[in-house]
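Just so we're on the same page: letters track the sequence lines, and every chain starts at 1.
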Amino acid sequence: MKYSHKETEAKWQAKWDETKAFAAKNDKSKPKYYALVEFPYPSGAGLHVGHPRPYTALDIVSRKRRMEGYNVLFPMGWDAFGLPTENYAIKNKIHPRLVTENNVKRFKGQLKALGLSFDWDREINTTDEKYYKWTQWIFLQLFKKGLAYKKEMTVNWCPSCKVVLANEEVVGGCCERCNTTVVRKAKSQWMLKITEYADRLIDDLETVDYIERVKLAEKNWIGRSYGAEVNFDTSRGDKLKVFTTRPDTLYGATYMVIAPEHPYIEKWQDSLTNYDEILAYREAAAKKSDFERTEMAKEKTGVRLEGVSAINPMTGKEIPIFVSDYVLITYGTGAIMAVPAHDDRDWDFAKVFGLPIIEVVAGGNVTEAAFTDVETGKMVNSGILDGLEVKEAKEKIIEYLTEKGIGEKKVNYKLRDWVFSRQRYWGEPIPLVYCEKCGWQPIDEKELPLTLPNVDSYEPTDNGESPLANMTDWVNTTCPKCGGSAKRETDTMPQWAGSSWYFLRYCDPYNEEEFASKEALEYWMPVDWYNGGMEHATLHLLYSRFWAKALYDLGYLRDPEPYLKRTSHGMILGEDGEKMSKSRGNVVNPDDVINEFGADTMRLYEMFIGDFEKSAPWSTNSVKGCRRFLDRFAALSDKIVDKASPAVEKSLHKTIMKVTSDIEAMKFNTAIAAMMTLLNDIHDAGGADRETLKTFALLLCPFAPHLAEEMWESLGGKGLASLAEWPKFDESKAKDDSVTVAVSVLGKFQGTVTVPVGADEATVFAEAIKLEKVIARTEGKEIFKKIYIQDKMLNILCK
RNA sequence: GCGGAUGUGAUGGAAUUGGCAGACAUGCUGGUCUUAGAAACCAGUGCUUCGGCUUGCAGGUUCAAGUCCUGUCAUCCGCACCA
């Protein structure tokens with residue numbers, strides 16, 4: 001059989017489409033399997049060779065599941081709201097909807113060319129009104145549940161995009177999208193209370209099968225830490241509250257620090273003799289971006305509050321209070337007790353300001369550096385805690401503080417609430433109106449979707465309002481509660497909104513009454529296997545788990561976790577080993593590869609390139625190797641013999657075993673290597689029988705489906721290979737009858753002997769002692785021990 | 001600084017529980033075919049002074065270490081004053 005990838009691919013893609021071979025049926029008699037890949041943002045650049053890697057991997061899993069008899073849901077859609085489209089639209093004066101349409105068309109064509117077995121009948125698009133109706137609806141449920149609130153806050157502001165960015169969108173102090181340095185700006189924003197779910201987002205990780213690094217990334221991002229809140233009396237007669245994870249070191253607190261934005265600065269104004277100096281420091285801190293602020297981390301700065309001091313509750317000593325930007329207003333209480341002997345930052349600060357460093361945990365040398373070890377030290381200079389270990393001291397002091405009413409146990413998180421407002425056009429309108437009398441009111445759910453009006457210009461206004469703010473017709477409305485005049489919210493939702501629940505919509509994509517029917521959700525959810533980028537572990541993954549939990553709490557979902565299993569793929573790098581980028585000029589275009597070598601080769605190579613979880617550089621030469629394999633496979637149809645040799649039969653069963661288990665373990669590269677070995681074996685044997693080749697075609701089908709179908713058909717296979725039964729192996733046929741056993745003398749390898757499988761030590765030894773090298777090594781020596789691992793090795797010890 | 005990962009031939013990478021390091025592929029060398037090239041096919045391919053030596057480096061545990069332990073170096077990624 002001559003292999004022409006263009007013909008073969010066109011033929012089978014058409015056939016799959018016609019027969020709707022991969023449509024997920026609502027057939028509840030079969031066990032379901034929901035495989036999910038992250039839906040792409042349809043950018044103008046088209047598909048990138050990085051995209052097909054995760055898609056092909058889960059396509060392989062999905063195809064195998066279908067062949068194993070599962071009812072498989074493997075859907076695809078478009079996460080199409082977002083900044084690049086809007087920026088492109090502004091620049092080229094095209095409506096973002098049109099830009100999106102074109103990009104989707106391009107992406108879809110490219111994905112189809114890869115022969116991915118998506119159920120295109122369930123395609124969704126986050127910018128579709130019928131879709132974002134439900135994004136808005138879910139937002140309203142969150143609002144009604146008290147999970148959305150408006151807050152005046154300093155936000156990350158990108159002066160170029162003129163948009164507020166979430167912390168997660170700020171990379172190295174710069175806008176994730178345009179790389180402009182981000183500044184801080186006060187703005188009233190809609191926030192979602194993801195922090196209310198912090199504990200559950202951590203604790204429920206125990207119930208799911210995520211790869212460890214994803215769990216760790218989420219845990220670190222949420223950053224839960226246990227400690228205590230302690231109230232310090234001040235000379236003003238009020239109390240200054242701090243959070244600390246080291247209450248055990250309380251005796252060593254020799255000063256306190258508050259954040260520049262701390263409200264007590266105003267409160268204490270009349271007592272502060274250097275108020276102007278403090279205000280000047282605050283202003284200087286506010287001008288710095290977060291990035292500059294951390295850049296300055298090496299040098300500690302600050303100003304002492306003259307006129308107010310605090311009392312260490314354990315020592316009774318008066319201690320000074322400082323304002324310094326190394327304390328953040330957004331974490332804990334915005335104030336700390338400083339223990340320079342046992343905290344690096346406090347130590348640095350104390351050195352700059354000549355503050356006392358009092359050791360309270362023995363074990364280090366606090367004149368040299370802070371001693372922060374919590375495992376080995378013993379408490380000293382600590383009154384009631386003396387002699388205790390750190391852990392014991394922590395418990396005892398918290399008990400004491402609680403009893404005296406000075407403090408209490410407290411848990412804190414690094415996770416912040418989610419800034420949910422964007423001053424942009426191309427996003428879901430937030431379905432709320434503001435009434436002078438009634439405050440913020442949700443619009444009537446019957447009015448959903450609240451659609452994006454057409455505007456003349458998509459550019460944000462200079463004062464940072466969304467372009468929608470200029471649409472007075474749209475903005476002015478009536479209050480759903482009192483009927484009086486009211487104004488719509490003109491901010492839109494962030495790109496993360498649509499992707500926070502899309503996996504639910506796939507279950508029932510055309511439902512106009514609900515975001516998905518309970519029935520569909522209960523059949524398909526949760527997602528059985530979700531693969532996606534590592535970069536989403538702390539963003540999309542966390543957000544969508546949060547929404548799923550909120551919907552669960554509201555009774556819309558049966559399970560509190562949306563994904564049973566989460567895996568992550570490595571990046572595909574350029575041939576030079578660097579990240580692919582236009583500026584480096586090392587981008588490989590998938591269209592070219594498909595055109596020259598075919599989709600099957602592309603798929604195979606993407607999987608053969610290396611360990612799925614690790615990044616790997618592209619190599620055009622290696623692509624050829626995959627094509628060569630397919631050519632040689634196709635040529636097998638000319639090498640049909642009546643009966644396969646025993647060697648081929650054994651190789652076949654070994655390969656079925658290997659491919660079957662490797663797919664489950666995401667070891668696609670070794671699965672392919674196993675099939676290459678089978679091909680070599682058949683080749684060496686001069687061919688194989690029809691049934692062996694048919695089985696081979698089925699094994700290859702998830703990886704290179706077009707050629708596999710062609711082969712299957714030419715060998716007389718019935719129906720589609722893609723829907724045939726997954727091959728079974730016979731373990732007894734995969735077993736070897738004889739095995740080579742390695743022989744060592746004193747741990748050094750000397751040679752091998754071939755013995756029947758399961759041979760005992762005496763048999764192996766009898767053969768081994770005939771080896772020349774073994775004779776030379778053991779001659780005239782006393783053999784005092786033999787170590788034999790059945791079927792593997794024999795080690796002879798002599799002296 | 002903290003957290004995570006990775007170091008194996010010329011290259012991408014294989015190698016359950018410690019048990020023949022280098023599967024599979026690329027590249028390279030030689031050959032067959034061809035006027036020639038490409039393709040295809042066949043043979044070879046870690047290094048070696050032929051004793052041996054080899055999984056970043058240095059130790060250790062073990063009959064046996066790429067794999068376990070200690071230390072160290074390098075690279076990549078993420079977070080970044082989170083008290």
Side-chain angles (χ1 to χ4, degrees), chain A residues 171-173 212-214 216-217 219-221 223-225 227 242-247 249 253 257 259 290-291 293-298 300 324-328 330-339 342-346 348-349 412-416 534-535 537-538 570-571 573 575 577-579 604-605 608-611 613-626 628-629 631-632 635 661 665 667 669-677 679-680 683 740-752 784-798:
Chain A
V171 177
E212 216 32 60
R213 60 198 169 115
V214 169
L216 210 68
K219 282 182 196 164
N220 289 342
W221 186 262
R224 177 163 63 187
S225 50
V242 301
F243 172 72
T244 177
T245 54
R246 295 293 305 276
T249 62
V257 186
D290 272 347
F291 182 63
R293 207 160 144 165
T294 53
E295 273 297 277
M296 304 293 170
K298 299 135 203 166
K300 292 278 182 291
S324 171
D325 63 6
Y326 85 91
V327 172
L328 307 175
T330 47
Y331 184 78
T333 63
I336 61 157
M337 65 175 210
V339 185
H342 305 289
D343 181 279
D344 292 321
R345 296 149 302 178
D346 297 346
D348 291 344
F349 190 87
N412 249 310
Y413 308 89
K414 288 186 200 173
L415 184 71
R416 310 285 153 78
M534 209 44 216
E535 69 278 16
T538 53
M571 229 192 312
L573 308 170
E575 297 224 34
E578 301 282 330
K579 201 170 163 175
L604 212 55
Y605 178 63
F608 189 61
I609 192 167
D611 185 334
E613 296 199 62
K614 290 184 195 140
S615 54
W618 186 269
S619 159
T620 304
N621 265 331
S622 300
V623 176
K624 284 186 209 154
C626 290
R628 207 169 284 166
F629 166 68
D631 281 328
R632 279 170 22 109
S661 60
K667 291 164 84 172
N669 53 339
T670 51
I672 294 167
M675 288 189 280
M676 288 173 167
T677 305
L679 178 65
N680 290 343
H683 198 82
T740 56
V741 172
V743 180
S744 304
V745 176
L746 286 167
K748 288 217 167 181
F749 174 73
Q750 304 300 341
T752 61
F784 65 92
K785 197 171 181 186
K786 285 173 263 179
I787 294 156
Y788 176 57
I789 307 295
Q790 201 176 69
D791 299 342
K792 287 201 168 145
M793 57 81 56
L794 173 71
N795 191 7
I796 300 165
L797 305 185
C798 59

**Message:** Work out how far the C1' atom of B:G27 is from that of B:U11, and round it to whole angstrom.
**Reply:** 7 Å
**Request:** For the residue pair A:Leu794 and A:Ile787, establish whether any side-chain heavy-atom pair is separated by less than 4.5 Å.
**Result:** no
**Item:** Secondary-structure string, 5' to 3', Watson-Crick or G-U under 3.5 Å, | for another-strand partners, for RNA chain B
**Value:** (((((((..(((......[....)))((((((.......))))))((....))..(((((..]....))))))))))))....
**Asked** Any idea which heavy atoms bring A:Gly334 and A:Val327 closest together, and the distance?
**Response** O-CG1, 3.5 Å
Taking only N/O atoms, report every protein-nucleotides 43-52 of chain B pair under 3.5 Å with atom names and distance.
| from | atom 1 | to | atom 2 | distance (Å) |
| --- | --- | --- | --- | --- |
| B:G52 | OP1 | A:Arg777 | NH2 | 2.7 |

**Asked** Is A:Lys792 side chain donor-acceptor paired with the B:U17 base, going by distance under 3.5 Å alone?
**Response** yes
**Prompt:** Given the C1' atoms of B:G19 and B:A64, what is the spacing between them in whole Å?
**Reply:** 7 Å
**Prompt:** Are A:Thr330 and A:Arg416 close enough that some pair of their side-chain heavy atoms sits under 4.5 Å apart?
**Reply:** yes
**Request:** Starting from P on B:G18, measure out to CG on A:Asn795 and report it in whole angstrom.
**Result:** 16 Å
**Request:** Determine, step by step, whether A:Arg224 and A:Leu415 satisfy the side-chain contact (heavy atoms from CB on, under 4.5 Å) criterion, reporting the C-alpha distance in whole Å, the side-chain angles of both residues, the deciding distance to 0.1 Å, and the verdict.
**Result:** CA-CA 8 Å; A:Arg224 177 163 63 187; A:Leu415 184 71; over 6 Å; no
**Request:** For nucleotides 3-10 of chain B, just jot down a letter per nucleotide in 5' to 3' order: B, S or -, based on protein non-hydrogen atoms under 4.0 Å.
**Result:** SS-S----
**Message:** Taking side-chain contact (heavy atoms from CB on, under 4.5 Å) as the definition, give me every residue that meets it alongside A:Ser661, ordered by chain and number, with sequence neighbours left out.
**Reply:** none
**Message:** On RNA chain B, does the nearest nucleotide to A:Thr330 precede the nearest nucleotide to A:Gly747 from the 5' side, or the other way round? Give the residue.
**Reply:** A:Gly747
**Item:** Contact letters for nucleotides 23-29 of chain B, in which S counts primed atoms plus P, OP1 and OP2 and B counts the base, heavy atoms under 4.0 Å
**Value:** BBSSS--
**Request:** With sequence neighbours excluded, tell me which residues meet salt bridge (charged side-chain N to carboxylate O under 4.0 Å, His left out) with A:Asp346.
**Result:** none
**Request:** Only counting residues at least two apart or in another chain, list the ones meeting salt bridge (charged side-chain N to carboxylate O under 4.0 Å, His left out) with A:Glu578.
**Result:** A:Arg584
**Request:** State whether the side chain of A:Tyr605 and the backbone N or O of A:Ser619 hold a donor-acceptor pair below 3.5 Å, judged by distance alone.
**Result:** yes
**Message:** Using the side-chain contact (heavy atoms from CB on, under 4.5 Å) criterion, which residues pair with A:Asp344? Sequence neighbours excluded.
**Reply:** A:Ala370, A:Thr372
**Prompt:** Per the atom types in the model, does the base of B:C20 pair as donor or acceptor with the side chain of A:Ser744 at under 3.5 Å?
**Reply:** no
**Request:** Measure across A:Leu797 and A:Leu746 and return the closest heavy-atom pair with its distance rounded to 0.1 Å.
**Result:** CD2-CA, 3.9 Å
**Item:** Sequence-distant partners of A:Asn621, side chain to side chain donor-acceptor pair (under 3.5 Å), two or more places apart
**Value:** A:Lys624
**Request:** Report the distance from atom CG of A:Leu573 to atom P of B:U11, rounded to the nearest whole Å.
**Result:** 17 Å
**Prompt:** Closer than 4.0 Å, any side-chain N/O of A:His683 to the OP1 or OP2 of B:A40?
**Reply:** no
**Prompt:** Ignoring hydrogens and angles, are the base of B:C81 and the side chain of A:Lys300 linked by a donor-acceptor pair under 3.5 Å?
**Reply:** yes
**Prompt:** A:Glu613: what forms a salt bridge (charged side-chain N to carboxylate O under 4.0 Å, His left out) with it, not counting sequence neighbours?
**Reply:** A:Arg213
**Request:** Using the C1' atom as the reference point in each nucleotide, state the distance between B:G22 and B:U70 in Å, no decimals.
**Result:** 28 Å
**Prompt:** Can you list the residues that meet the ring-ring contact (aromatic ring centres under 6.0 Å, His included) rule with A:Phe608, with sequence neighbours excluded?
**Reply:** none
**Prompt:** Do any side-chain nitrogens or oxygens of A:Lys667 fall under 4.0 Å of OP1 or OP2 in B:A15?
**Reply:** yes
**Request:** Calculate the interatomic distance between A:Ile787 atom CD1 and B:A65 atom P; express it in whole Å.
**Result:** 12 Å
**Request:** Kindly label the base of B:G31 as syn or anti, based on whether its glycosidic torsion lies within 90° of 0.
**Result:** anti
**Request:** Calculate the interatomic distance between A:Arg246 atom CZ and B:A83 atom C1'; express it in whole Å.
**Result:** 11 Å
**Message:** Please report the distance separating the C1' of B:G66 from the corresponding atom of B:U16, rounded so that it comes out in whole Å.
**Reply:** 15 Å
**Prompt:** So what does A:Asp611 touch, heavy atoms closer than 4.0 Å: a base, only the sugar-phosphate, or nothing?
**Reply:** sugar-phosphate
**Asked** Is the closest side-chain heavy-atom distance between A:Arg246 and A:Thr244 below 4.5 Å?
**Response** yes
**Item:** Spacing of the P atoms in B:A14 and B:G7 (rounded, Å)
**Value:** 9 Å
**Asked** When you compare B:U29 with B:G46, how far apart are their P atoms, in angstrom units rounded to a whole number?
**Response** 16 Å
**Request:** To the nearest Å, give me how far apart CZ (A:Phe749) and C1' (B:A65) are.
**Result:** 17 Å
**Nearest-angstrom distance, C1' atom, B:G13 to B:A25** = 8 Å
**Request:** Between A:Met571 and A:Pro617, just flag the one whose closest nucleotide in RNA chain B comes earlier from the 5' side.
**Result:** A:Pro617
**Request:** Check every strand shown and say whether A:Ile789 touches a base, only sugar-phosphate, or nothing at a heavy-atom separation below 4.0 Å.
**Result:** base
**Asked** Roughly how many Å is it from CG in A:Asp346 to P in B:G1, rounded to a whole number?
**Response** 19 Å
**Request:** Taking syn as within 90° of 0 and anti otherwise, name the glycosidic form of B:G9.
**Result:** syn
**Rounded distance (Å) that lies between atom P of B:C20 and atom OH of A:Tyr788** = 13 Å
**Asked** Is any side-chain heavy atom of A:Met675 less than 4.5 Å from a side-chain heavy atom of A:Phe629?
**Response** yes
**Residues forming a ring-ring contact (aromatic ring centres under 6.0 Å, His included) with A:Phe349, sequence neighbours excluded** = A:Tyr255, A:Phe322, A:Tyr326, A:Phe353
**Request:** For nucleotides B:U48 and B:C53, find the distance between their P atoms and express it as a whole number of Å.
**Result:** 16 Å
**Prompt:** Looking only at side-chain N and O atoms, does A:Ser225 come under 4.0 Å of OP1 or OP2 in B:A83?
**Reply:** yes
**Nearest-Å distance for atom pair CG/C1', residues A:Leu797 and B:A64** = 9 Å
